[in-house]
Amino acid sequence: MTKRDLIEEINDRFPHLSRFDAEVIINSVFDSLITALQREERIEIRGFGSFVVKHRRARDGRNPKTGELVSVSSKRVPFFKVGKELRLRVNQSPVGEDGC
């Protein structure tokens, strides 16, 4: 699913909203999530999951092509932990399928 698909989903569910309004809503949600992660805030969406920023320390890595040692600097990376309800719903077999 892409951002465009999300916008279309909002348009389908709320036909009184324009496509532009749906796009503003989706972009606002993503911008808010990004801003919170930049401030290293934890984002928790009940039933869906949580986003946190994890710190990776500096280390020595290896160039896979040449085998040469390279220095990898420390960095912050976003991390998503799935919520229990989402995990359970994803593991249910889809409607109309026999599980194969």
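Bear in mind the structure is a predicted one, so any value in this text is a computation, not a measurement.
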TODO: Tell me whether V72 is reachable from V77 by hopping between hydrophobic residues (I, L, V, M, F, W, Y) whose side-chain heavy atoms are closer than 4.5 Å.
DONE: no
Task: Stepwise side chain to side chain contact (heavy atoms under 4.5 Å, CB included) test for D21 and I10 - done: CA-CA 9 Å; D21 290 338; I10 288 179; over 6 Å; no
TODO: Would you mind checking if R4 and E23 are paired as a salt bridge, meaning a charged N to carboxylate O distance below 4.0 Å?
DONE: no
Task: Shared-cluster residues of F79, by chain and number - hydrophobic side chains joined below 4.5 Å - done: V52
Task: With F80 via ring pair (Phe, Tyr, Trp, His ring centres under 6.0 Å) - residues at least two apart - done: F48, F51
Open item on the list: Surrounding CZ of R19 (heavy atoms of other residues, nucleotides or ligands, distance under 6.0 Å), is the total greater than 12?
Closed with: yes
Task: Those residues that, when tested against R46, pass side chain to side chain donor-acceptor pair (under 3.5 Å) (two or more places apart) - done: E44
Task: Residues that D5 engages under side chain to side chain donor-acceptor pair (under 3.5 Å), provided they are two or more places apart - done: T2
Task: Shortest non-hydrogen separation from P78 to L37 and the atoms involved - done: CB-CD1, 4.4 Å
- [ ] Please list all pairs passing the side chain to side chain donor-acceptor pair (under 3.5 Å) test where one or both residues lie in residues 71-88, with sequence neighbours left out.
- [x] E40-R76
Open item on the list: I need the N11 CG to L17 CG distance, nearest 0.5 Å.
Closed with: 7.5 Å
- [ ] Check side chain to side chain donor-acceptor pair (under 3.5 Å) between N27 and all other residues, then give those that pass, not counting sequence neighbours.
- [x] K3
Task: Co-members of L88 in a cluster of I, L, V, M, F, W and Y side chains, linked at under 4.5 Å - done: none
Open item on the list: Show every ring pair (Phe, Tyr, Trp, His ring centres under 6.0 Å) that has at least one partner inside residues 6-45, sequence neighbours left out.
Closed with: none
- [ ] Could you list the residues that satisfy side chain to side chain donor-acceptor pair (under 3.5 Å) with S32, not counting sequence neighbours?
- [x] none
- [ ] Consider only side-chain N and O atoms of D31 and S28, and report whether a donor and an acceptor are under 3.5 Å apart.
- [x] no
Task: Point-to-point distance, once rounded to the nearest 0.5 Å, from CG of D12 to CD1 of I7 - done: 12.0 Å
Open item on the list: To the closest 0.5 Å, what do you measure between CD (E8) and CZ (R13)?
Closed with: 13.5 Å
Open item on the list: Please list all pairs meeting salt bridge (charged side-chain N to carboxylate O under 4.0 Å, His left out) that have one or both residues in residues 60-74, counting only residues at least two apart or in different chains.
Closed with: none
TODO: To the nearest 0.5 Å, tell me how far I25 CD1 sits from L6 CG.
DONE: 12.0 Å
Open item on the list: Restricting to salt bridge (charged side-chain N to carboxylate O under 4.0 Å, His left out), what partner residues turn up for R59, sequence neighbours left out?
Closed with: none
Open item on the list: Could you work out, with salt bridge (charged side-chain N to carboxylate O under 4.0 Å, His left out) as the rule, every residue matching R39, not counting sequence neighbours?
Closed with: E41
Task: Co-membership, hydrophobic cluster, residues V82 and L33, 4.5 Å side-chain - done: yes
